[in-house]
Structures are given as C-alpha cells and as structure tokens.
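Worksheet: one structure, shown below.
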Amino acid sequence: MRTFWGMSWVYLLLMLILRAAEIQVVFQSHVLEFDGSSLLGVSLFQDLGWIFYFLGLLLIIHLLLSLFSVTLSKILVQTLLTLALLIHIGLIFYFSKTLLPLGKDLFAYNWNDMLLTVKASGQLNALNLGLGLVFFGFVLGLLHLGVYLTRLPLKTYFFLTGGLIVFVILFRFSPDFELDEGNEIRKNIQLNKSKFLAEETFDYLVYGGEYYFDFYLRSGNEDLVVKKDFNKDEYPFAHQAAYPDVLGPFFDSLSSPPDLVFILAESFGKAYSGKGAYLGSFTPFLDSLENHSLIWTNAISSTGRTFGILPGVFAGLPFGEKGFLELYDEFPYHQTLISILRDNGYKARFFIGADRKFDHEGDFLEYQQVDQLEDESTFLPGFEKAPSNNGFSWGYSDKELFKNGLLKLPSEKTGPEIRIFQTQTSHDPYIVPERPFYEQKFSSHLRDYLQISSDRIPEYEAYKNIYMTVLYADDAIRMFFEEYKKRPEFANTIFIITGDHRLPEIPMSSRLDRFHVPLMIYSPLLKSKEEFKGLSSHFEVTPSLLSFLEKNASLNLPEEFIWQGQVLDTARVFRSQIAMPLMRNKNQLVDYLSGEFFLSDGQLFLISDGLNIDPVEDANMTNQLIGEFEDFKNKNAYTIQTRKLLPPPQ
C-alpha cells in the first residue's frame with residue numbers, strides 16, 4: 001500500500017501540473033475568444049475523474065500482483081505511470097497544434113503513414129527522443145522518491161483506498177461540471193486527453209469490428225432535388241435517377257467536348273479564402289478569379305481530412321470504415337467521373353507533389369486506370385523538394401508541382417482530357433518556400449489588402465506560418481493560370497477549384513466550419529459570373545458535370561449510379577436540399593446533415609447562410625436525422641463486409 005500511494009500522489013501532482021501547462025501552451029499558441037481561467041473548474045473535474053479511475057484500475061493490478069511479488073508489482077506500476085504521463089504529454093502537444101483531441105483516428109492510419117506525418121512535423125529527431133528518455137528517467141526517479149517519502153500508518157492507507165473508491169463513484173455519476181457542449185473548442189480544452197483517447201480506444205477495440213445490417217430501400221427524401229430509385233437489395237447504394245443539367249444555362253454552346261481541369265487545394269477553407277471569408281481572404285488571385293466564375297459560397301467537403309477528396313469529388317462514394325480509400329485491398333466495383341470520361345474517349349492525368357501512396361490515393365487512381373500518374377518519384381530533374389526543419393518533407397511545393405505538370409502535359413492533344421492537380425504546401429508543418437518574400441507579402445497583405453487594424457495584427461501573427469503557405473499556394477495557382485492561358489486548349493477548358501477541408505490549427509467557429517470550403521467553376525466558355533448560396537458539397541460535383549456533358553457534349557452515361565450527392569444548387573438565396581453524412585477524421589463518423597438541419601454528436605443544429613449553426617430543440621427532427629444517419633451507416637457497413645456497391649458489367 002505504501003508503494004502504491006507513494007507513487008500515486010506524485011502522479012496526481014504531475015497530472016495537475018500538466019493541466020496548468022496545457023492551458024498555458026494552448027493560449028500561447030492560439031488566439032481564443034475566452035480566457036483559460038473560465039475553464040479551470042470543468043477541466044479539473046475531468047482530470048480528477050480520469051486520475052482516480054486510472055489509479056483505481058492500477059490499484060487492482062498492483063494488489064493482485066503484490067501477492068506474488070511486491071518488487072515486480074512496484075516496477076510495473078512505476079513503468080505504467082511513467083508511460084501514462086509521457087503519453088499524456090504527447091497528447092497535449094498534439095492538441096496544442098490542432099485543437100483536436102486524438103481519438104479513434106489514431107487507428108485509422110497505417111504505420112508508414114503515421115511515421116511520415118510525424119517526420120514531416122519535425123518532431124521525430126534526436127533531440128526530442130533524447131528529451132523523452134531523460135523525462136522517462138526523471139519521472140521514474142520522482143515516483144521512487146514518492147515511495148521513499150511516504151510513511152503512513154496502515155489505517156491511513158485503507159482510508160485513502162476507501163476514499164479512492166468513493167471518488168471514482170462520485171466523479172462517474174456526478175452531474176455537475178459538465179463539458180461545454182455549445183462551444184467545441186472550449187469542450188476540447190476541458191477534456192482530459194488521456195481519458196478521451198482511452199474511451200475512444202475502448203470503443204474502437206470493442207465495437208469497431210461489429211456490423212449490423214438493417215436498412216430499407218427508399219426512393220429518397222421528398223425534399224431533395226433528385227429522386228433516386230433504389231431497386232436492388234444486393235446493392236443498396238445503386239440507383240437509377242434523372243440528374244438535371246444545372247450548369248448548362250451558364251455556358252455557351254459547346255463545339256466539342258471540353259477539357260476538365262481540377263485544382264484540389266490542400267487545407268483551403270472558406271474561413272480564409274474568397275468572398276465572405278470571416279478571417280479575411282488570403283487568396284487574392286482566387287478572389288479575382290471569382291469575378292469571372294460560378295461560385296458556391298456555402299460549399300462543404302465530405303470529410304475533415306484529405307483522405308476524402310478524391311472519392312468525394314469524383315464519385316460521392318460511401319466512407320467504408322476509415323474512408324473509401326482504405327478499401328484499397330479489394331475496392332468494390334464502382335464508377336467515377338474519371339472512369340466514365342475515359343469510357344467516352346477522355347484521357348486522364350493526375351499530378352501531385354507528394355507520395356501518391358499516402359492515404360492510398362495511388363491505388364484509387366490506378367483503379368480508375370488514369371493514363372498519367374505523376375508524384376514526387378517522377379519529377380523531372382532540376383526541381384527542389386519543399387523546405388523542411390529536419391530533412392524530411394511531404395514532397396515538392398505547389399509552384400514546382402504546377403511547373404513540372406505543365407512540362408509533362410502533351411504539346412498536342414488527340415482528344416478531350418481530364419487533368420487533376422492536387423497541392424500540398426499548405427499543410428503541417430507549414431514551412432513556406434521563399435520565406436523572406438512571403439513574410440513581407442504577409443505583412444503587406446494584412447495592411448493593404450485586408451486593412452486589418454493594428455490592434456488585431458497579433459491575432460494574425462499567431463498563425464503567420466499557416467497564412468504564408470496559403471498566400472504561396474494562391475500564387476502558385478496564379479502562376480499556373482498565367483501559363484495555362486498560353487496553351488491552345490485553354491479556350492475549351494472548364495476549371496473546377498476547391499479545397500479538401502479547412503485546416504484545424506486556426507480555431508474554428510463551429511463544428512461545420514471544418515467542412516466549409518471554397519468551390520468555383522471558371523471557364524472561357526462561361527457566359528457570365530454567378531454567385532450561388534444554395535448548400536452544395538463535393539458529392540454534387542460529379543453528377544452535375546456528367547449531366548452537363550451528357551446534355552451538351554453527347555456523353556454516354558451508365559444506366560445505374562452510386563453518387564450519394566444531388567446536383568449543385570444554383571439558388572441565389574440560402575437553402576439546403578441535400579442530405580449527407582460527414583466524416584471528421586478516419587474512424588469518426590458522427591456528423592450528418594439533412595436539409596437545413598445538422599446532427600453532430602447527437603446534438604441538433606439549424607444551418608443558416610454562411611454555414612453558421614445554432615442549437616435547436618426538436619425531438620421529431622432529431623429522431624428523423626438519427627434514423628437517416630443510421631440507415632446510411634448500415635448500408636455503409638454492408639458495403640464494407642460484402643464489397644457490393646455497383647453491379648459489375650455483364
């Protein structure tokens with residue numbers, strides 16, 4: 001008992017010190033609208049609840065093992081407590097960077113992807129490894145010292161043990177000090193990060209592999225634009241439907257099938273890009289392009305990370321367990337915008353400056369049989385990789401990506417093409433090339449373009465590295481357009497530009513903000529610029545383009561589809577006529593929207609223009625959305641198990 005309680009009070013003290021350090025680091029790293037003192041009560045309640053629960057589990061292990069060997073039990077508990085503290089520090093560091101607690105998404109990435117991410121962040125180096133070993137030894141020593149200094153009567157130990165049991169029960173069932181559900185950032189700070197990871201791990205290990213199929217085939221919501229006829233029990237996502245051509249009225253008549261060029265911009269969120277950006281736009285070129293484009297001011301991605309951009313934009317596919325790309329070992333038969341265009345005589349080319357193996361994007365593109373697949377391994381000589389703080393980077397910066405891609409495009413075309421460029425510079429660790437130039441540009445952009453008052457400059461300086469990469473990526477897209485205009489095919493090209501998700505490192509305004517991205521279509525073939533406020537998503541891109549090309553370029557379409565989306569909403573006033581699930585991170589499918597309602601972690605919100613959300617109490621609507629969401633999850637689980645998505649051709 002002396003051994004256990006001697007180490008426990010040291011662990012308790014260190015955990016409380018870490019909570020104070022966490023709040024200090026978070027508020028030093030981020031500009032938040034509230035102060036840390038307002039979080040202390042709930043935060044300490046969360047911490048003590050976890051500390052007592054964890055110590056209770058260790059006490060059981062310690063007492064049982066002590067019956068056989070007190071020394072072995074001491075070593076085990078001492079090691080476990082030290083590891084728990086080390087992991088907790090790592091979780092705090094992760095949270096201080098992203099403002100998101102690490103949960104089930106830890107299990108969604110393979111070892112190589114996780115290693116690449118850690119290397120790119122610059123944290124996997126000899127100094128940090130050495131500090132980790134020093135800290136490990138230091139804590140072991142403190143725990144040993146705690147045992148040495150603790151000399152209490154046996155009755156006191158029994159009193160402490162009884163108190164521990166009482167506190168575990170008290171903190172488990174007490175209704176006081178509940179988390180702040182109304183503000184996600186406040187809630188995330190209040191969470192004990194070790195407790196959150198432990199609960200998420202338990203849920204993943206115990207329930208992660210369970211699938212329950214109980215879905216029904218339906219014609220679709222009456223409020224939605226496209227009426228989908230689901231008529232195959234074996235393929236619950238397959239349907240027949242007449243998707244209307246919503247883009248045709250905005251284009252001149254086509255003399256030949258147009259080229260499609262996609263620019264998928266890493267971490268481009270609507271919060272800091274384009275018309276109505278509430279943080280101010282850091283994409284001046286795209287802002288200028290909006291004046292000649294079709295733009296959707298209320299557009300959302302399907303996922304909160306990059307893994308969803310390809311299956312979302314090019315097919316509106318279900319998520320599987322960890323994102324559709326994780327089904328790479330045996331993709332269910334499916335069709336996409338890329339494969340349908342190839343069947344109609346298009347050639348497909350894809351360009352990225354990173355490793356195409358990350359997130360299994362290469363596997364997905366190879367399944368589509370793209371004609372040209374370029375990544376960091378195929379760059380021409382003479383290009384330099386992106387700068388890094390530890391010798392490792394994600395690959396080539398965006399300007400290099402576009403320069404290399406333009407050089408590798410054919411000088412003469414034999415037919416229509418779809419070309420896809422995916423950027424990556426505006427990604428953690430946010431190291432911008434040409435830093436002196438972009439430091440000056442960042443300052444002048446705040447002063448001259450955004451006209452930010454001097455008292456607000458520190459709010460932006462706190463995220464200077466991030467904003468500089470966004471400015472750089474925008475410049476890279478500007479350079480790309482300047483060069484592409486010189487190509488003969490430019491006049492018959494349609495450009496689709498969007499972001500894959502909003503980056504999490506700058507505090508988000510709401511749970512839906514992480515999905516709010518710019519979406520625009522630019523082309524010399526457009527009749528005029530237009531701005532639309534109807535809520536649309538990445539899922540609507542493929543069905544809208546295919547319907548447009550079918551009506552205006554005689555494209556042949558299959559009889560059955562698997563698109564989860566509707567069509568892009570061209571309403572000039574805000575409305576929502578879509579229903580779709582949203583996946584925050586891999587393994588985190590907890591968000592669903594239907595019409596103008598948004599269900600997140602079981603809480604119902606009403607969506608308004610600008611994708612602002614307000615909590616509402618409506619039991620009937622909540623139950624309706626829960627039912628729709630469960631129906632999707634059951635069909636999604638069925639697809640994971642059976643790999644039946646679309647009937648293969650006979």
Side-chain angles (χ1 to χ4, degrees), residues 254 256-265 306-317 324-325 328 331-379 401-402 404-424 480 484 487-490 492-498 500 521-523 538-539 541-550 552-558 561-563 645-646 649:
L254 301 180
S256 61
D259 284 359
L260 299 181
V261 173
F262 284 82
I263 297 178
L264 309 177
T306 308
F307 66 88
I309 185 68
L310 297 186
V313 167
F314 296 108
L317 291 164
F324 187 82
L325 299 185
Y328 70 95
F331 279 127
Y333 174 72
H334 63 277
Q335 292 182 323
T336 66
L337 174 66
I338 301 171
S339 63
I340 292 174
L341 289 180
R342 288 193 75 257
D343 290 342
N344 281 269
Y346 274 72
K347 284 191 175 181
R349 308 182 191 277
F350 180 86
F351 303 87
I352 190 172
D355 184 357
R356 66 179 183 234
K357 296 178 183 177
F358 192 82
D359 274 338
H360 301 289
E361 285 194 345
D363 294 305
F364 177 77
L365 293 163
E366 288 168 3
Y367 185 90
Q368 315 309 319
Q369 298 181 344
V370 298
D371 299 276
Q372 185 177 5
L373 180 52
E374 305 281 351
D375 74 344
E376 65 174 356
S377 66
T378 63
F379 263 62
L401 161 70
F402 289 122
N404 180 72
L406 288 167
L407 287 172
K408 289 206 165 190
L409 287 175
S411 56
E412 294 184 4
K413 295 195 310 96
T414 57
E417 297 192 355
I418 174 173
R419 298 165 173 177
I420 305 162
F421 294 84
Q422 185 175 351
T423 73
Q424 61 91 15
F480 171 75
Y484 210 92
R487 303 181 68 89
E489 63 265 32
F490 173 77
N492 194 39
T493 299
I494 298 173
F495 298 86
I496 302 94
I497 305 169
T498 189
D500 57 355
I521 293 178
Y522 167 79
S523 175
H538 284 168
F539 283 175
V541 172
T542 281
S544 300
L545 288 172
L546 287 177
S547 181
F548 167 72
L549 293 173
E550 179 191 27
N552 298 277
S554 302
L555 201 73
N556 293 316
L557 300 185
F561 308 102
I562 47 174
W563 329 133
L645 190 55
L646 184 69

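Starting from 1, each residue takes its place in the sequence as its number.
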If you round to the nearest 0.5 Å, how far is CG of L341 from CD of Q368?
11.0 Å
Residue list, ring pair (Phe, Tyr, Trp, His ring centres under 6.0 Å) with F314, at least two apart or on another chain:
F262
Among Y484, F402, F495, which residue meets the ring pair (Phe, Tyr, Trp, His ring centres under 6.0 Å) test with F421?
F402
For R419 and E489, what are the C-alpha separation, side-chain angles and deciding distance, and is it a salt bridge (Lys or Arg N to Asp or Glu O under 4.0 Å)?
CA-CA 12 Å; R419 298 165 173 177; E489 63 265 32; 2.8 Å; yes
Listed by chain and number, what are the ring pair (Phe, Tyr, Trp, His ring centres under 6.0 Å) partners of Y367, not counting sequence neighbours?
F331, H334
Please determine which of N344, T336, L337 meets the side chain to side chain contact (heavy atoms under 4.5 Å, CB included) test together with I340.
N344
Just to verify, what does D371 make a salt bridge (Lys or Arg N to Asp or Glu O under 4.0 Å) with, not counting sequence neighbours?
R342
To the nearest 0.5 Å, how far apart are CD in Q369 and CD in E366?
10.5 Å
Between F324 and L645, does the side-chain contact (heavy atoms from CB on, under 4.5 Å) criterion hold? Intermediate values first, please.
CA-CA 12 Å; F324 187 82; L645 190 55; 3.9 Å; yes
Contacts of T306 that satisfy side-chain hydrogen bond (donor to acceptor under 3.5 Å, both in side chains) - sequence neighbours left out:
E266, D500, H501
Can any side-chain N or O of D375 pair as donor or acceptor with the backbone N or O of S377 at less than 3.5 Å?
yes
For N552, the side-chain hydrogen bond (donor to acceptor under 3.5 Å, both in side chains) test, sequence neighbours excluded, returns D245
When rounded to the nearest 0.5 angstrom, what is the spacing between CZ in F364 and CD in E361?
9.0 Å
I418 and D259: CA distance, side-chain angles, deciding distance, side-chain contact (heavy atoms from CB on, under 4.5 Å) verdict:
CA-CA 6 Å; I418 174 173; D259 284 359; over 6 Å; no
Between N492 and S256, is there a side-chain donor-acceptor contact under 3.5 Å, judged purely by atom types and distance?
yes
Spacing of L310 atom CG and D359 atom CG [to the nearest 0.5 Å]
9.0 Å
Could you go through the side chain to side chain donor-acceptor pair (under 3.5 Å) check for T378 and E374 one step at a time?
CA-CA 6 Å; T378 63; E374 305 281 351; 2.5 Å; yes
Report the distance from atom CG of L555 to atom CG of L546, rounding to the nearest 0.5 Å.
6.5 Å
Say you draw a straight line from CG of D363 to CG of L365; how long is it, rounded to the nearest 0.5 Å?
9.0 Å
For residues 345-353, tabulate all N or O donor-acceptor pairs below 3.5 Å that involve a side-chain atom, not counting sequence neighbours.
| unit_1 | atom_1 | unit_2 | atom_2 | d |
| --- | --- | --- | --- | --- |
| Y346 | OH | P258 | O | 2.6 |
| R349 | NE | E417 | OE1 | 2.8 |
| R349 | NE | E417 | OE2 | 3.3 |
| R349 | NH1 | Q372 | OE1 | 2.8 |
| R349 | NH2 | E417 | OE2 | 2.8 |

